[in-house]
Protein chains: 2
Amino acid sequence: MADTPEPAEPSLDEQIAAYQREFQGLDPQVERVVSALSRLNRRMHVAYGRQTAELGISNGEWEVLKALVLAGAPYRLGPGDLAKRLGLTPAAMTHRIDRMVAEGLVTRERDENNRVRVIVGVTEEGRAKWLEGLRMATVFEEDLLQDLSSEERGQLGAMLTRLLRRVEEAQPDAGGRLNDLD
Amino acid sequence: MADTPEPAEPSLDEQIAAYQREFQGLDPQVERVVSALSRLNRRMHVAYGRQTAELGISNGEWEVLKALVLAGAPYRLGPGDLAKRLGLTPAAMTHRIDRMVAEGLVTRERDENNRVRVIVGVTEEGRAKWLEGLRMATVFEEDLLQDLSSEERGQLGAMLTRLLRRVEEAQPDAGGRLNDLD
DNA sequence: CTTGAAGACTTCAACCCTAAACTTCGAAGC
DNA sequence: GCTTCGAAGTTTAGGGTTGAAGTCTTCAAG
């Protein structure tokens, strides 16, 4: 026996080594940063998914609640605006709002002054679920950064902000479509 | 006029300010790191999507090619192993392989010694597309990190690796399902 | 007016993923 | 050998998203 390599996801170090092996001329420093970013996000996404599942909602639904609350009083936005903030198509927004209205998380009404427009607002239950989700996320995030000193956290945040600024300049548009994240 | 707030995605700073406004007791340092991570990943995902689209394949298909190549010679893996590495369900892997076989990117054959097993291999075209995609990704990634000195890149990579280690210890399993990323 | 054009949202068809049931082959146990 | 259990893939049903086409309202001309 001891012949089958036992299937498993390669570690970050193994992956970087594999890159060096299969393609010369790749900067390992760059590759480490990029691969770590991707893996981190995947893990974060999974963690958030488990938490929102506890609330009986999906990750994407929580994102809608977040966008509405962070928009500030009176906590109302149109589907189109929401779609832009979440990086979704208007069609997806329509369906998602359908579900959330049915679940009692948000309300949908037509604008009185402009009947083409629709206004989405948060219900009490929606706001409560957002808050509970935020609390759970905070616990996870604090734990994630636990090993870093306050100074290191500052440095990390500053560097990531610089990276973000650079991509945002290169991609001036809203950033294209994508499920949830953020 | 000058009454409608003109829909737009809030900037990172605006979002952090909104968090402080709507929920006291949140650490802005933590929030900055986490939000920047999510936004960065979304932008990266969009960028990769555009690049793979140029190759006439999807992001997910490129991930399969990458996994096969990084597995090392003889560049063959079973669907189950692939699914684990990509964080997909076996069912999704079956369909994705179907498409990729039809497009001539990979081959699917039954294992001679064990006819339950299936072996997926890369074709010449598949390997070429992986390489071309890698070249494009490298350009993007170098540009992304351009503003950081080599020392800063090292620090960033080291800190991200520490974060990743922490989540991976907390989530020992393969990390759950999720589209592509990584 | 009323006609044309643009904007906001919805509807429809197609695609890809997940979860669960199903099929098939291989390895043990008796 | 025959039976049973387990592992590997595939199939099916259902959710959620995209892209394109369609509907309805508003606004500005003519």
Side-chain angles (χ1 to χ4, degrees), chain A residues 1 4 6-7 42 45-46 49-50 52-53 56-64 76-103 106 108-120 174-181, chain B residues 1 4 6-7 42 45-46 49-50 52-53 56-64 76-103 106 108-120 174-181:
Chain A
M1 52 183 70
T4 38
E6 194 54 48
R42 179 155 126 197
H45 201 271
V46 170
R50 289 179 181 165
T52 52
I57 66 179
S58 77
N59 223 316
E61 289 174 337
W62 191 79
E63 293 294 324
V64 173
R76 298 162 151 274
L77 292 171
D81 194 352
L82 272 172
K84 278 199 190 68
R85 293 174 189 238
L86 300 191
L88 291 174
T89 59
M93 209 58 241
T94 293
H95 297 317
R96 196 178 280 190
I97 293 170
D98 284 347
R99 299 192 295 274
M100 294 181 73
V101 168
E103 295 165 342
V106 300
R108 168 158 48 185
E109 31 186 300
R110 298 207 89 85
D111 187 332
E112 289 304 323
N113 305 10
N114 191 334
R115 281 223 284 284
V116 182
R117 285 194 157 81
V118 170
I119 300 181
V120 178
R177 314 271 85 96
L178 187 60
N179 290 8
D180 22 83
L181 306 180
Chain B
M1 53 184 72
T4 39
E6 194 54 48
R42 180 155 124 196
H45 201 269
V46 170
R50 288 179 182 163
T52 52
I57 64 178
S58 75
N59 222 319
E61 289 173 339
W62 191 79
E63 292 295 323
V64 173
R76 299 161 152 273
L77 292 171
D81 195 353
L82 273 172
K84 280 200 190 66
R85 292 174 190 240
L86 300 191
L88 293 173
T89 59
M93 211 55 240
T94 294
H95 297 317
R96 196 179 279 187
I97 292 169
D98 284 347
R99 299 193 294 274
M100 294 181 72
V101 168
E103 294 165 342
V106 300
R108 166 159 49 187
E109 34 185 296
R110 299 208 86 87
D111 188 330
E112 289 303 326
N113 305 11
N114 190 336
R115 282 222 281 288
V116 180
R117 284 195 156 79
V118 170
I119 300 181
V120 178
R177 315 271 81 97
L178 188 60
N179 288 8
D180 22 83
L181 305 178

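Within every chain, numbering begins at 1; the chains are lettered A, B, ... in the order of the sequence lines, protein sequences first and strands thereafter.
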To the nearest 0.5 Å, what is the distance between [atom1] on [X] and [atom2] on [Y]?
| X | Y | atom1 | atom2 | answer |
| --- | --- | --- | --- | --- |
| Leu82(B) | Thr94(B) | CG | OG1 | 10.5 Å |
| Ile119(A) | Asp111(A) | CD1 | CG | 4.0 Å |
| His95(B) | Leu88(B) | NE2 | CG | 11.5 Å |
| Arg115(B) | Arg117(B) | CZ | CZ | 14.0 Å |

Measure from [atom1] on [X] to [atom2] on [N] and round the result to the nearest Å.
| X | N | atom1 | atom2 | result |
| --- | --- | --- | --- | --- |
| Ile97(A) | dT10(C) | CD1 | P | 7 Å |
| Ile57(A) | dG16(D) | CD1 | P | 12 Å |
| His95(B) | dG14(D) | NE2 | P | 15 Å |
| Leu88(B) | dT10(D) | CG | C1' | 15 Å |
| Asp98(A) | dT17(D) | CG | P | 11 Å |
| Arg117(B) | dG6(D) | CZ | C1' | 12 Å |
| Met93(B) | dG9(D) | CE | P | 11 Å |
| Glu63(A) | dG16(D) | CD | P | 15 Å |

Report the residue (Glu112(A) or Thr94(B)) whose heavy-atom-nearest nucleotide on DNA chain D is the more 5′ of the two.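 The residue whose closest nucleotide sits nearer the 5' end is Thr94(B).
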Considering only [options], which nucleotide approaches the side chain of [X] most closely?
| X | options | result |
| --- | --- | --- |
| Asn114(B) | dG9(D), dT10(C), dG26(C) | dG26(C) |
| Ala92(A) | dT18(C), dT17(D), dT26(D) | dT17(D) |
| Ala91(B) | dT10(D), dT18(D), dA19(C) | dA19(C) |
| Arg99(B) | dC17(C), dT17(D), dT10(C) | dC17(C) |
| Val116(B) | dT24(C), dT17(D), dT10(D) | dT24(C) |

Could you tell me whether a side-chain N or O of Arg108(B) sits under 3.5 Å from a main-chain N or O of Val101(B), the two making a donor and an acceptor?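 No; zero donor-acceptor contacts below 3.5 Å.
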Check: Glu109(A) and Arg76(A) side chains under 4.5 Å, non-hydrogen atoms: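 Side chain of Arg76(A) against side chain of Glu109(A), heavy atoms only: contact under 4.5 Å found.
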Any side-chain N or O of Arg115(A) less than 4.0 Å from the OP1 or OP2 oxygen of dT26(D)?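 For Arg115(A), the contact criterion (side-chain N or O under 4.0 Å from OP1 or OP2 of dT26(D)) is not met.
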State whether Arg96(A) places a side-chain N or O below 4.0 Å from either non-bridging phosphate oxygen (OP1 or OP2) of dT17(D).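 For dT17(D), OP1/OP2 do have a side-chain N/O of Arg96(A) under 4.0 Å.
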NA contact type, Arg108(B), heavy-atom cut-off 4.0 Å: base, sugar-phosphate, or nothing?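 Touches sugar-phosphate only.
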Considering all heavy atoms, the nearest Glu61(A)-Glu103(A) contact: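 Looking at all heavy atoms of both residues, the shortest contact is OE2-OE1, 2.9 Å.
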Taking five pairs at each end of the helix from dC1(C)-dG30(D) to dC30(C)-dG1(D), what angle separates the two helix axes (nearest 10°)?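 Overall, the helix from dC1(C)-dG30(D) to dC30(C)-dG1(D) bends by 10° from one end axis to the other.
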